[in-house]
Amino acid sequence: MFTAFARAFKTPDLRKKLLFTLGIIVIYRLGAHVPAPGVDYAKVQQCIDQSDSGGLLGLMQMFSGGALLQITIFALGIMPYITASIILQLLTVVIPRLEALKKEGQSGTAKITQYTRYLTVALAILQGTGLVATARSGALFQNCTVREQIVADKSIFTTMVMVITMTAGTAAVMWLGELITDKGIGNGMSILMFISIAATFPGALWAIKESGKLADGWIEFGTVILIGFVMVALVVFVEQAQRRIPVQYAKRMIGRRSYGGTSTYIPLKVNQAGVIPVIFASSLLFIPSLIVQFSGSTAGWATWIQDHFVTGNHPYYISVYFVLIVFFAFFYVAISFNPDEVADNMKKYGGFIPGIRAGRPTAEYLSYVLNRITWPGSLYLGLIALVPTMALAGFGGANQNFPFGGTSILIIVGVGLETVKQIESQLQQRNYEGFLR
């Protein structure tokens with residue numbers, strides 16, 4: 001990986017792309033520390049020191065690079081765009097118009113991207129309004145003594161200015177990501193997501209060292225680093241694992257030319273769903289505690305939810321979290337990979353799987369293989385997501401959003417591998433020596 005980056009900096013045009021990407025990252029991180037208008041920055045810092053976030057709020061805090069609870073202009077970060085992309089991807093299976101656009105190629109993809117932008121702005125307005133309303137009421141920080149002084153001016157004008165500012169910040173983040181895609185090294189949104197998560201690593205690790213008791217916290221710190229390396233190696237191994245289904249294309253004579261006769265394969269990843277099931281499960285599990293928080297009820301059902309589904313280390317929470325991850329893994333794979341469509345395309349171009357008849361038998365075989373490899377992939381996702389809760393519970397308040405577990409480690413490794421592959425492919429295009437040297 002480091003060799004690829006070193007070679008990229010020696011290539012003039014790639015060096016410009018890398019430096020441009022670094023400049024965009026600097027702008028993005030600066031915006032994550034600029035407070036929104038009407039926010040008392042000192043009071044916010046005081047409340048952050050006194051409070052601890054978890055659940056969906058902690059997940060959004062991680063995706064925003066720590067900007068959410070600081071109520072900055074980039075407080076919403078990349079989360080509205082991620083949500084909009086997932087919604088459009090799910091709606092593609094339901095709405096025929098979107099499915100037709102997806103099959104149109106580049107023009108259809110551009111149209112879906114435009115819809116994603118509009119939906120991102122709408123979600124940013126919705127989430128920004130919710131964040132501002134929560135900050136004004138003092139519910140953003142439950143245990144803070146000055147939580148109601150965070151937004152001193154509670155007028156409608158100030159509220160509208162804050163919502164507009166955060167929505168514009170989300171649009172700016174989306175634009176920065178597209179700049180990286182067009183003029184940088186590519187994969188802009190994923191890189192911004194990578195930077196947001198990586199920005200929380202030093203603070204989280206140092207908090208574990210500060211709360212440690214063995215050798216002034218250095219033993220706990222070293223243990224967590226060691227566990228992190230093991231988890232990275234495990235995630236890299238599983239993310240690269242795939243089942244390759246061989247495909248043979250028959251020869252066809254068109255005029256005097258022969259077409260086909262080649263062999264290829266269909267790569268089915270063990271973790272075909274990626275990080276989506278973990279995000280869905282975390283979001284769904286936050287709903288009960290959100291209902292209790294806004295209802296203010298002290299009834300028996302509310303107390304039961306507070307005791308079992310808020311802390312994140314209760315057996316009920318762990319069991320339901322694991323089952324939801326497995327369920328959403330199968331659900332997302334079922335809607336993102338269509339065996340019937342793949343089988344029809346293979347049959348259309350004269351392809352077949354050796355030993356399997358074309359058409360319906362091919363679709364059934366693909367569905368069978370996909371279900372078989374989704375089981376270990378879903379169990380792997382559940383174990384990775386629960387490692388911080390189960391194995392790191394003694395290291396200073398580690399939860400499901402700890403850097404070396406769950407969503408963060410999957411995104412860090414996935415985006416890192418994809419970025420290195422893109423840089424290496426661009427290097428090969430510029431330094432291809434051919435058959436003659």
Side-chain angles (χ1 to χ4, degrees), residues 5 8 13-34 36 60 62-68 72-92 98 101-102 104-128 163-199 274-276 279 407 411-412 414-426 429:
F5 278 104
D13 53 341
L14 274 183
R15 183 170 61 245
K16 291 180 181 179
K17 290 186 176 182
L18 286 172
L19 292 177
F20 179 82
T21 302
L22 291 176
I24 295 295
I25 290 173
V26 171
I27 296 174
Y28 175 62
R29 289 308 301 159
L30 285 176
H33 290 84
V34 177
M60 294 180 65
M62 180 185 67
F63 277 117
S64 65
L68 177 71
T72 65
I73 59 174
F74 287 172
L76 303 179
I78 202 74
M79 196 65 180
Y81 183 84
I82 297 173
T83 308
S85 300
I86 294 174
I87 291 175
L88 261 297
Q89 191 170 4
L90 295 177
L91 291 179
T92 302
L98 293 177
L101 286 175
K102 185 179 179 181
E104 288 182 4
Q106 187 175 358
S107 60
T109 304
K111 199 69 175 178
I112 293 177
T113 303
Q114 187 177 2
Y115 292 156
T116 305
R117 293 170 184 163
Y118 294 150
L119 185 57
T120 299
V121 174
L123 289 175
I125 295 174
L126 182 63
Q127 294 179 10
V163 173
I164 293 173
T165 302
M166 291 180 185
T167 304
T170 299
V173 169
M174 186 168 54
W175 177 61
L176 293 177
E178 292 181 355
L179 282 179
I180 294 177
T181 302
D182 295 338
K183 300 182 180 180
I185 59 177
N187 205 17
M189 297 300 179
S190 299
I191 289 179
L192 291 184
M193 195 190 314
F194 177 96
I195 296 301
S196 298
I197 297 173
V275 74
I276 302 299
I279 297 177
T407 313
I411 294 176
I412 287 288
V415 176
L417 290 173
E418 189 175 352
T419 303
V420 170
K421 288 179 181 178
Q422 285 190 351
I423 293 177
E424 287 182 345
S425 65
Q426 295 187 35
Q429 293 176 2

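All residue numbers in this chain count up from 1 along the given sequence.
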Step through the shown structure and confirm whether more than 12 heavy atoms of other residues, nucleotides or ligands are within 6.0 Å of CD on Q114.
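Count over threshold, so yes.
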Is the shortest heavy-atom distance from the side chain of [X] to the side chain of [Y] under 4.5 Å?
X    : Y    : value
S85  : Y81  : yes
M189 : I82  : no
K16  : K183 : no
N187 : Q422 : yes
E104 : L101 : yes
L123 : I87  : yes
I185 : I191 : yes
T72  : H33  : no

To the nearest 0.5 Å, what is the distance between [atom1] on [X] and [atom2] on [Y]?
X    : Y    : atom1 : atom2 : result
T167 : L126 : OG1   : CG    : 10.0 Å
L417 : I412 : CG    : CD1   : 11.0 Å
L192 : I197 : CG    : CD1   : 11.5 Å
I27  : L22  : CD1   : CG    : 11.5 Å
L91  : L98  : CG    : CG    : 6.5 Å
L18  : D13  : CG    : CG    : 10.0 Å

Using every non-hydrogen atom in the two residues, find where [X] and [Y] come nearest and quote the distance to one decimal.
X    : Y    : result
G184 : K17  : O-CD, 3.4 Å
F74  : Y28  : CD1-O, 3.5 Å
V34  : L30  : CG2-O, 3.3 Å
T116 : T120 : O-OG1, 2.6 Å
Q127 : P80  : OE1-CG, 3.5 Å
F20  : L179 : CE2-O, 3.6 Å

Check each of I24, I78, I25 against I195 using the side chain to side chain contact (heavy atoms under 4.5 Å, CB included) test, and report the only one that passes.
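Output: one option passes, namely I25.
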Pairs in or reaching into residues 169-181: which pass side chain to side chain donor-acceptor pair (under 3.5 Å), with residues at least two apart or in two chains?
R117-E178
Counterpart residues, salt bridge (Lys or Arg N to Asp or Glu O under 4.0 Å), relative to R15 (two or more places apart)
none
